[in-house]
Amino acid sequence: MLFGSAVWAARLADDPDYRVAIARQCGVVTPEAELNWSSLEPERGRFDFTGADSIAAFAKATSKTMYGHSLLWHLSIPEWGAKALAGERDWALVRRFLSSVVPRYRDIAHGWDVVNEPIEPGDGRADGLRRSPYLDAFGPGYIERALAETHVLDPAAKLYVNDYGFDYAIAAEDQRRKSMLALLERLLKAGAPIAGLGVQAHLDLTKQAHFSPIVLRDFLNDVGSLGLEIRISEMDVKEADTAQSFEQRDRAVAEAVRAYLEVALANRAVGSVTCWGLSDRYSWLNTGEILNRGLPLDRDFYIKPVFNVIRLMLGQRAGLADA
């Protein structure tokens with residue numbers, strides 16, 4: 001089992017406590033934004049690999065691997081790229097981006113989130129795909145095409161589709177699960193070189209009453225039965241009540257993660273767990289001066305109950321693997 005965290009290049013450079021914690025606790029790192037198209041090519045033809053290169057160098061220096069996140073994502077297309085895709089509808093734009101990025105990190109990338117968040121049943125399509133510049137320009141086949149191109153550029157890497165909203169027994173997420181399973185079945189039928197699914201697992205305590213171990217178990221079983229690997233790719237917990245004591249808040253977060261991982265790690269298709277950040281100091285869920293306490297370490301990098309839950313459950317999974 002690989003355990004890892006999303007990371008920011010600037011924080012690795014500027015915060016020694018952060019750097020030490022990532023080096024000590026993680027076996028794999030995922031760039032939060034440094035590999036996005038908008039970060040790498042903010043102007044047409046002008047690439048800037050500074051941030052991504054620094055994360056790759058950190059990973060090599062600390063004997064870690066890296067998940068490449070994310071190549072095609074509707075929210076990370078540079079403004080010029082969105083206009084070009086709409087006007088030119090030329091796949092050469094995508095091919096040039098992929099060929100500029102993927103080979104550069106093929107010696108450190110354990111896998112790639114080739115297409116990020118392609119599902120949105122609310123957009124009204126029968127196939128549940130998200131309406132995006134990629135879909136508008138190239139149709140549903142853009143996903144197979146991107147997987148095939150990336151495989152040619154990095155044949156040894158595991159290639160994933162990554163998405164959210166599979167965690168709770170509510171109507172919207174039920175439809176998301178159905179749409180994703182249909183997409184995965186279509187990709188496999190088309191012979192796409194997909195290794196697995198990234199399940200983001202952004203848990204939300206306001207929805208925790210709707211958590212169903214059976215629903216999650218069945219979904220993960222359905223994905224695994226297709227012969228696909230599953231990554232828990234972006235796990236964190238959004239709190240429901242930040243007015244409670246730290247002890248109460250931390251207990252609720254730990255319990256939600258325990259319930260989730262108890263189901264997920266019972267499935268042998270699940271091969272890794274990555275948190276979307278390691279310390280509350282840098283959670284994307286923070287609002288103003290209120291820090292969300294949904295990550296393994298607190299703002300001062302001290303271990304919280306959820307850290308111990310993750311460590312215990314990964315250890316139990318390792319013990320089962322050794323048995």
Side-chain angles (χ1 to χ4, degrees), residues 1-7 9 22 26-37 39-41 47 49 51-73 76 91 93-118 134 141-163 180 183-184 186-188 190-201 223-224 226-235 268-276:
M1 290 291 296
L2 280 172
F3 174 75
S5 172
V7 298
I22 296 293
C26 300
V28 60
V29 294
T30 301
E32 282 206 30
E34 287 84 352
L35 283 172
N36 290 343
W37 191 2
S39 297
L40 291 173
E41 194 180 10
F47 281 87
F49 294 102
D53 281 356
S54 69
I55 293 175
F58 168 80
K60 290 179 182 179
T62 55
S63 301
K64 304 185 190 314
T65 55
M66 183 175 80
Y67 282 122
H69 174 88
S70 56
L71 294 173
L72 271 60
W73 183 29
S76 72
W91 184 259
L93 291 167
V94 178
R95 179 180 295 116
R96 183 178 59 83
F97 169 66
L98 295 176
S99 62
S100 298
V101 177
V102 174
R104 189 179 186 94
Y105 303 105
R106 61 186 294 172
D107 64 332
I108 191 67
H110 184 78
W112 291 93
D113 288 335
V114 178
V115 180
N116 192 44
E117 301 178 0
Y134 297 114
Y142 85 91
I143 301 173
E144 294 99 307
R145 206 168 179 181
L147 288 162
E149 295 265 356
T150 306
H151 178 66
V152 170
L153 295 166
D154 192 353
K158 295 182 177 182
L159 307 184
Y160 302 89
V161 170
N162 188 57
D163 218 322
M180 178 54 75
L183 171 61
L184 296 175
R186 178 170 69 79
L187 292 173
L188 290 170
I194 181 171
L197 173 66
V199 175
Q200 292 185 14
V223 175
L226 297 175
L228 295 173
E229 181 182 321
I230 300 166
R231 290 172 49 224
I232 306 304
S233 58
E234 303 186 19
M235 189 171 67
R268 294 304 181 97
V270 175
S272 65
V273 175
T274 290
C275 291
W276 205 241

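All residue numbers in this chain count up from 1 along the given sequence. Side chains are part of it too, since the values below use all heavy atoms of this structure and drop only hydrogens, waters and symmetry mates.
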Between CG on residue L153 and CZ on residue R95, distance to nearest 0.5 Å: 9.5 Å

Relative to each other, are the rings of F49 and F47 parallel, tilted or perpendicular (30° and 60° limits)? parallel

Which distance, rounded to the nearest 0.5 Å, do you find between the CG of L159 and the CG of D154? 7.5 Å

Give, for atom CD1 of I108 and atom CZ of F58, the distance between the pair rounded to the nearest 0.5 Å. 11.0 Å

Is it the case that the side chain of E34 and the backbone of A9 share a donor-acceptor pair, with hydrogens and angles ignored and the cut-off at 3.5 Å? yes

For K64 and V7: C-alpha separation, side-chain torsions, deciding distance, then whether side-chain contact (heavy atoms from CB on, under 4.5 Å) applies. CA-CA 13 Å; K64 304 185 190 314; V7 298; over 6 Å; no

Single hit among V102, V94, N36 for side chain to side chain contact (heavy atoms under 4.5 Å, CB included) with L71: V102

Please find the pair of heavy atoms, one from L35 and one from L40, that lie closest to each other, and give the distance. O-CD1, 3.5 Å

Distance-minimising heavy-atom pair for G111 and A157: CA-CB, 4.3 Å

To the nearest 0.5 Å, what is the distance between CE on M66 and CD1 on I55? 7.5 Å

Side-chain contact, heavy-atom cut-off 4.5 Å: Q200 with N116? yes

Under a plain distance cut-off of 3.5 Å, with no hydrogens placed, do S233 and Y160 share a side-chain donor-acceptor pair? no

Using only atom types and a distance under 3.5 Å, with no angle test, would you say the side chain of S39 pairs donor to acceptor with the backbone of A33? yes

Looking at A146 and V115, what are the two nearest heavy atoms and their distance? CB-CG2, 4.2 Å

How long is the gap from CG on L183 to CG on L187, to the nearest 0.5 Å? 4.5 Å

Can you find a pair of side-chain heavy atoms, one from K60 and one from D107, that are under 4.5 Å apart? yes

Partner residues of E229 under the salt bridge (Lys or Arg N to Asp or Glu O under 4.0 Å) criterion, sequence neighbours left out: K158

Using 30° and 60° as the class limits, which term best fits the ring planes of H69 and W276: parallel, tilted or perpendicular? perpendicular

Under the side-chain contact (heavy atoms from CB on, under 4.5 Å) rule, what do L2 and Y67 come out as? Steps first, then yes or no, please. CA-CA 11 Å; L2 280 172; Y67 282 122; 3.8 Å; yes

Check the pair W37, W73 against side-chain contact (heavy atoms from CB on, under 4.5 Å), reporting the backbone distance first and the verdict last. CA-CA 8 Å; W37 191 2; W73 183 29; over 6 Å; no

Set out, in order, the CA-CA distance, both residues' side-chain angles and the distance that settles side-chain contact (heavy atoms from CB on, under 4.5 Å) for R96 and E41, then state yes or no. CA-CA 11 Å; R96 183 178 59 83; E41 194 180 10; 2.8 Å; yes

Distance check, rounded to the nearest 0.5 Å: S99 atom OG versus F97 atom CZ? 10.0 Å

